Amino acid sequence: MKKKLELENLTFIMPGFLIYLVFMFVPIALCLFYSLTNWDGISSSYKIIGLRNFSRIFSDVSFLESVKVTIIVTLTTSIIYNTLGIATAALLNYAGRAYNFCKSAVFLPAILSPVVVSFIWAYMTQTDGGIINHIITAVGMGPIDFFASKDAIAFTVSGVIAWAAFGFFTTVYIAALKTIPNELYESAKIDGAGIFKQFRNVTLPLLTPGITVNTILSVTWGLKQYDFIKVMAPNTVQTVTVNAIERAFDYNMMGYSSSIVLVLFVSIVVISLIQIFIMKKFEVEY
Amino acid sequence: MKKVLSLLLSIVLVLTLFAGCGKSTSGDGTEPAEKDDETEKIEEVKEEKPVKIIFATNETPILTTDFWAVVSERFTDANPDVIVENIAQPSANIMMRDYLKTLLAAGQFPDVMVMASPGDFVPAGALLPIPDEDMPYIADTTKGKFNGKSYVVPYKKQVGGFFYNKKIFAENNLAEPQTYQDLVELCDKLKNANITPISMGLKDGWPQLVLASLILSADLLTENPDWGLDRNAGKTTFTSPEFKKALNKYADLTKNYCNDNMAGVSYTQMMELFFTGKAAMMPMGSWLQGEEQRVKPDFETGFFPVPSDKNADNIAVWINEGLSISAKTEYPEQCKRFVEFFMTDEEWYGKFLKTEMLFPTTKKAVEYEKSSLRKEIEEKIKPMTEVENWYDMTGDAALLPGLQTYFNKMTVNIAMGEDVDKQLELFDKTFDEAKSNLEK
């Protein structure tokens, strides 16, 4: 009877398992294999070169530059999502037409295509003819060159990414705020807590699950960032993913590119695990 | 009773399924009569369908889908046994080279394609060698060979240099420079007159490399046309004094004589700066004439080559782009026929050359309606010596896979103020990596 059950279970699991095997495990295994070769991505032959690709990564200046840009993008966007996001969620966590309109307005950019958003902002941030600089010069100030240096470009693009995805993270926080019972605020008020004390001692601890989800998502999205950089600054700055794609298709270095992608994959897993470990300590139950 | 009915229904269903698997019979239930050999042959000829070849085109604002369709349709009209289906990169900002690599990796490499960087594909064995006798219509088949074999039928020649605003030059009493020093003095005069000397943009990643490459052609290839071969053989380096000197000139021009905020300026905006008179010069290839005809045909434009320290007697030419055939095509004969048609159908080829006021590569001169600037350039370069454009050196002298991309980025970095020496050291390092990556 038990054997039959096991067989039945296995049959039910099989389709999902096969899909996982073909679409998840096989590509990762292939990526690992290619990272040990000098395959150019188009030839039928290649040479197995062991760990040479991995040892090359950390002395590759373009990769290290792309890591720097990725860190700027990840930190800037994560800080914006998780500070302004909480504040905006707290402001909009009320019922009413005006609030609902504001919630929709904040969420709207999240439904736009990153490519469209990137193009729009690329035009808006132009020094000569961009609407932002039109306004700045109209009020008597000098124009801002948003693309003056590589760091400036990284921060400009980070701002655009944050603008585009801000609504999504705010919505997660609004949803998390809804799970906090009103009774706790009422008790806090009776105990004499003001708005800031209520926020610090009631809202923030009970918002921790939302913060965990949002910080993991924001850091993961930041580390994987590709489209905004590719459209807004296609040849001036790079994130790790842009660098990997370039190595694969421009340099014909599919093997090396695979090693970059694997390093990114492992980094994301490790960082996410650390985040979960830290955030678990702050979670409270009522 | 239910069981019997179910069994019957199942049998009927199974029989129905197998009914389609038998041999076909004639209407009266007898076997069809055996056909004799002759009838079969006639039917085969009748049923022979035209073969289809895929042609990957390089679409630009000028060379549109409709434009490329003309050659395919004309070819099929003249060769009804071959249908040509055109494909193009899905977006204008995707480089043809990258698109073709994706198609090759996906097993969808086209039969015939526009090819500008054969160096990326020849080592992978993706292209069909084309013997000289298969392209008797080409004027010069000696250039662009890899180990003595040609893989591209060059379909156009373009020249590069500085386009300038004649009105600004006349108003400021400026003459075309004869040496690099003249060029710098000219830029100083323009700057003193509060005119941006050179229009430049880094956003698209390629316009800036045209200037760097033209300087390298003027400085390096005029002295040693085999510089590329020497570099690939390890006889010279990118940190050699002559290379460093050329790149320092590029750094000087971009740092001191170009518009501000270059990093945010695209090719289109560069043209806008030039065609609206905000910048006096624009270093570019002769395809800019096509843009001029399209956006501002009445604009008074002049042209001069990038001068070296000694003179301005050399003209950099692009001869890297043309048509290639896949090594794995099922229809090599039809593909060669299509390529020959492309190059010898005078009506089409003239139309093609006219788009960007190109120079033909065929033995037979092909006439088309030329703009006054095109005529002026033709006259001006007649006494000059042709050198290859450095970035697009061809055949065994071509940059190794990936080095063009590195050069693009390096020229962006230098224009944004990064140290030339450091960038060139990295260029040598990248060269070594590219070389080791070719080991199979």
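To find a chain, count down the sequence lines: A is the first, B the second, and so on, and within it residues start at 1. Predicted model, so just to flag it, every value in this text is computed and none were measured.
By number of non-hydrogen pairs under 4.5 angstrom with chain A, the leading residue of B/Thr405, B/Leu403, B/Leu426 is B/Thr405. Most heavy-atom pairs under 4.5 Å with chain A, from the set B/Val412, B/Asn261, B/Leu104: that is B/Asn261. Interface summary for chain B: among A/Ile42, A/Thr236, A/Asp145, the most heavy-atom pairs under 4.5 angstrom belong to A/Ile42.
For B/Lys255, the NZ atom counts as loosely surrounded, since its 6.0 Å shell holds 12 or fewer non-hydrogen atoms of other residues, nucleotides or ligands. Within a 6.0 Å sphere centred on CD1 of A/Ile131, other residues, nucleotides and ligands contribute 12 heavy atoms or fewer. The number of heavy atoms from other shown groups lying within 6.0 Å of CZ (A/Phe54) is above 12. Atom NZ of B/Lys435 sits in a crowded spot, with more than 12 heavy atoms from other residues, nucleotides or ligands closer than 6.0 Å.
Side-chain contact check for B/Ser436 versus A/Lys47: every heavy-atom pair is 4.5 Å or farther apart. Residues B/Lys422 and A/Val61 fail the side-chain proximity criterion, which asks for heavy atoms closer than 4.5 Å.
Remark: B/Lys101 does not engage A/Asp250 in a salt bridge, criterion side-chain N to carboxylate O under 4.0 Å. Under the 4.0 Å criterion applied to side-chain N and carboxylate O atoms, A/Arg52 and B/Glu433 are not assigned as salt-bridge partners.
Taking each heavy atom of A/Gly41 and B/Ala105 in turn, the nearest pair found is O-CB, 3.8 Å. When every heavy atom of A/Asn252 is checked against every heavy atom of B/Pro401, the shortest pair comes out as ND2-CB, 3.8 Å. For the residue pair A/Ala148 and B/Met416, the shortest heavy atom distance occurs at O-CE, 4.2 Å. A pairwise comparison of heavy atoms in A/Phe147 and B/Ala263 identifies O-CB, 3.1 Å as the closest pair.
At a 4.5 Å heavy-atom cutoff, the contact between A/Ser149 and chain B is made by backbone atoms alone. With a 4.5 angstrom heavy-atom cutoff, A/Met232 touches chain B only via backbone atoms. With a 4.5 Å cut-off on non-hydrogen atoms, A/Ala233 does not touch chain B at all. For a residue to count as touching a neighbouring chain, one of its non-hydrogen atoms must lie under 4.5 Å from one of that chain's; by this rule B/Tyr406 touches chain A with backbone and side chain alike. Neither the backbone nor the side chain of A/Ile49 comes within contact range of chain B, judged by heavy atoms closer than 4.5 Å. B/Leu273 touches chain A through its side chain: at least one heavy atom from C-beta onward sits under 4.5 Å away, while N, CA, C and O do not. For B/Glu418, the part lying near chain A is the side chain, with the backbone staying farther off; criterion is any non-hydrogen pair under 4.5 Å. Looking at B/Lys278, the atoms closer than 4.5 Å to chain A (heavy atoms on both sides) all sit in the side chain, from C-beta outward. Heavy atoms of B/Asp204 lying under 4.5 Å from chain A belong exclusively to its backbone.
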Verdict with reasoning, A/Gln126 to B/Ser266, per side-chain contact (heavy atoms from CB on, under 4.5 Å): CA-CA 10 Å; A/Gln126 279 173 17; B/Ser266 65; over 6 Å; no
Full working for side-chain contact (heavy atoms from CB on, under 4.5 Å) between B/Gln269 and A/Thr127: CA-CA 11 Å; B/Gln269 289 167 307; A/Thr127 311; over 6 Å; no
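One finds the NZ atom of B/Lys429 at 9.0 Å from the OG atom of A/Ser62 (value rounded to the nearest 0.5 Å).
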